[in-house]
> 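For reference, the structure I am asking about is given below.
Only this structure's heavy atoms are used, side chains among them; waters, hydrogens and symmetry mates stay out.
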There are 2 protein chains.
Amino acid sequence: MGQGQRRAGQAGLEPVRVPSAADEVADRLLTAIALGEFSVGERLPPERELAEQLGVSRPTVRIAVGRLREIGCLEVVRGRSGGHYVRTGWRAESADAVRRTLMPKWERVHTLQDTRCLIESLIARTAAERCGADEAADIRAALAAYESASEPAEVRSTSAGLHEAIARAAHNEPLAVYSRQLLQEITAGFPIEPYSGNLTERSLAEHRALAEAVLAGEAERAARIAREHFTITGENLRAILERSTAEPDSAS
Amino acid sequence: MGQGQRRAGQAGLEPVRVPSAADEVADRLLTAIALGEFSVGERLPPERELAEQLGVSRPTVRIAVGRLREIGCLEVVRGRSGGHYVRTGWRAESADAVRRTLMPKWERVHTLQDTRCLIESLIARTAAERCGADEAADIRAALAAYESASEPAEVRSTSAGLHEAIARAAHNEPLAVYSRQLLQEITAGFPIEPYSGNLTERSLAEHRALAEAVLAGEAERAARIAREHFTITGENLRAILERSTAEPDSAS
DNA sequence: GATAAAAGGTAAATAGACAAGACCTTAAAA
DNA sequence: TTTTAAGGTCTTGTCTATTTACCTTTTATC
């Protein structure tokens, strides 16, 4: 290939894609679940509340939750004190859905993992350079919460909390938003545990090292640690997905 | 502030915003103009062609170009060999539109400038680390094109081309996409020349230094140069916008 | 046990956005 | 003068989302 290379028509004008309201709502919910704002077994707000909070109508919310239910990450209970619950173990039952959902995106997931490494590294570096007293307190608190977490769901939630605290310390909201988007698109909101087995303690050490580097203002070190950490996280996630798509029935 | 701080309702669920097809088309066109794919004085493809290329209907295209015309960045000519032309000097005449369009986004433009510095720095660093032979050839060609450019529009276009070549060398498409989005949202597609007056030669030197650092594989240096370069570009853009919004009538 | 309340489930009517297509107007090229 | 290529306007149909109402299920609670 030589130079320039403007493909896609005469002037980079590819077809537009307009997301529907239901798409947007489904993405939001998946992101919230991925970030641990709704833990496993927890109940989502009632449809009517969700509709009001999200500024959409209830049928739209229903389309979105219906989609999540098809994927298998929500369970519905009727009657008083019913609602939509985040399912606990769902991988085995919905391997088909996973394959249908993720297979077309396989290449993209790879690329996005790389992007996430780069972005999180940048966030860590910038946070180390800009972290103030308030943010430092936030990071320490988030680290303490993470280290005292025991259940898998809690680990996931507090881990996300720590990364968000670091992102806040970078003092740049769009970067934090982009980071969240990447997490959501990579995991597609599936409540897969990136930290399983013997990786747990390694993750713990890395989280602490990352937080300390940021707090100490050591930008280079923070960037390097973040890069390694998210590389490993990404490879682990890929392995899990590979397993779940390769052997749908023999899995756990 | 203490810790955690999840605002916006009980669980980070803010109202969704669904962009319309016309919004999307207007953004695309603004981006294309901002990137110099349509130079000043050039004619856009006919509405019917745009509609086909973008996969939308003609009325939708008309809403989009109508908006750009209101802003003042397009001029319409009727009859045979008519069409929509990118306007050359428009700032003075449309200061009102600029103010209406940009004032609400003032804070956000600030933030996005910062984001752009960080992202472009990351792109330069990564490009320096990953640049292969093909990409190096692309960068050299783009640099040569930039250095031989004379007209302002050509400078702008080739500058964008150089930055895109560097982004390609980073081997991460989402980052390049994000970079383009930032450029588009910051400038809102206005054909403002970021490189005006005595900044031109400085920009030229910086572009060359950046390209050389990337080609030499010096990641740190490339990152530093990119950061400074985009900081200056951003400040210059801000100054121009401030002028154009502060003194709508006395401006040139 | 009866009842009220709180949740999901369903459905019809309305509004708005978009697409498709026909047709008119303008002005330059032939 | 005629043709032609462009923008300008209008109508109609379709799809999506909102609104609103009502039904069904279950569980607290009296």
> The criterion is side-chain hydrogen bond (donor to acceptor under 3.5 Å, both in side chains); which residues satisfy it with A:Glu42, sequence neighbours excluded?
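With sequence neighbours excluded, A:Glu42 shows a side-chain hydrogen bond (donor to acceptor under 3.5 Å, both in side chains) to no residue whatsoever.
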> Just how far, in rounded Å, is C1' of D:dA6 from CZ of B:Arg62?
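Distance check: B:Arg62 CZ to D:dA6 C1' gives 11 Å.
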> Give a yes/no on whether any side-chain N or O of A:Ser81 is located under 4.0 angstrom from OP1 or OP2 of D:dA28.
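Checking D:dA28 against A:Ser81, a side-chain N or O does come within under 4.0 Å of OP1 or OP2.
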> Quick one: are the ring centres of A:His163 and A:Phe230 less than 6.0 Å apart?
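Yes - the distance between ring centres of A:His163 and A:Phe230 falls below the 6.0 Å cut-off.
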> DNA chain D: B:Gly83 or A:Ser20, which has the more 5' nearest nucleotide?
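Its nearest nucleotide lies further toward 5', so the answer is B:Gly83.
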> Listing time: all N or O pairs from protein to nucleotides 18-22 of chain D that are below 3.5 Å?
| from | atom 1 | to | atom 2 | distance (Å) |
| --- | --- | --- | --- | --- |
| D:dT18 | OP2 | A:Ser57 | N | 3.2 |
| D:dT18 | OP2 | A:Ser57 | OG | 2.7 |
| D:dT18 | OP2 | A:Thr60 | OG1 | 2.2 |

> Which residues satisfy the side-chain hydrogen bond (donor to acceptor under 3.5 Å, both in side chains) test with A:Asp27, sequence neighbours excluded?
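side-chain hydrogen bond (donor to acceptor under 3.5 Å, both in side chains) check on A:Asp27 returns nothing, list empty.
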> Excluding sequence neighbours, so at least two apart, what forms side-chain contact (heavy atoms from CB on, under 4.5 Å) with B:Ile63?
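Result, side-chain contact (heavy atoms from CB on, under 4.5 Å) vs B:Ile63: B:Ala22, B:Arg67.
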> Of all the nucleotides listed (D:dT27, D:dA17, D:dT4), which has the minimum atom distance to the side chain of A:Arg80?
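For A:Arg80, the side-chain atoms sit closest to D:dT27.
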> Of B:Glu47 and A:Pro19, whose closest DNA chain D nucleotide lies nearer the 5' terminus?
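Checking each residue's closest nucleotide, the 5'-ward one belongs to B:Glu47.
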> With sequence neighbours excluded, tell me which residues meet side-chain contact (heavy atoms from CB on, under 4.5 Å) with A:Thr115.
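Per chain and number, A:Thr115 pairs via side-chain contact (heavy atoms from CB on, under 4.5 Å) with A:Thr111, A:Leu112, A:Ile119, A:Tyr178, A:Leu182, B:Asn172, B:Pro174, B:Leu175.
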> A:Leu54 has an atom CG; how far is it from atom P of D:dA17, in whole Å?
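For the pair A:Leu54 CG and D:dA17 P, the rounded distance is 14 Å.
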> Got a sec, which residues hit side-chain hydrogen bond (donor to acceptor under 3.5 Å, both in side chains) with B:Ser57, two or more places apart in sequence or on another chain?
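Only B:Thr60 meet the side-chain hydrogen bond (donor to acceptor under 3.5 Å, both in side chains) criterion with B:Ser57.
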> Just to verify, what does B:Arg69 make a side-chain hydrogen bond (donor to acceptor under 3.5 Å, both in side chains) with, not counting sequence neighbours?
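Residues passing side-chain hydrogen bond (donor to acceptor under 3.5 Å, both in side chains) with B:Arg69: none at all.
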> Sequence neighbours excluded, which residues qualify as side-chain contact (heavy atoms from CB on, under 4.5 Å) partners of B:Val177?
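B:Glu173, B:Arg180, B:Gln181.
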> When the nearest nucleotide of DNA chain C is assigned to A:Val18 and to A:His84 on a heavy-atom basis, which residue is associated with the more 5' position?
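Between the two, 5'-proximity favours A:His84.
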> Which nucleotide span of DNA chain C, 5' end to 3' end, has atoms closer than 4.0 Å to non-hydrogen atoms of chain B?
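Range of nucleotides touched by chain B: C:dC18 to C:dA29.
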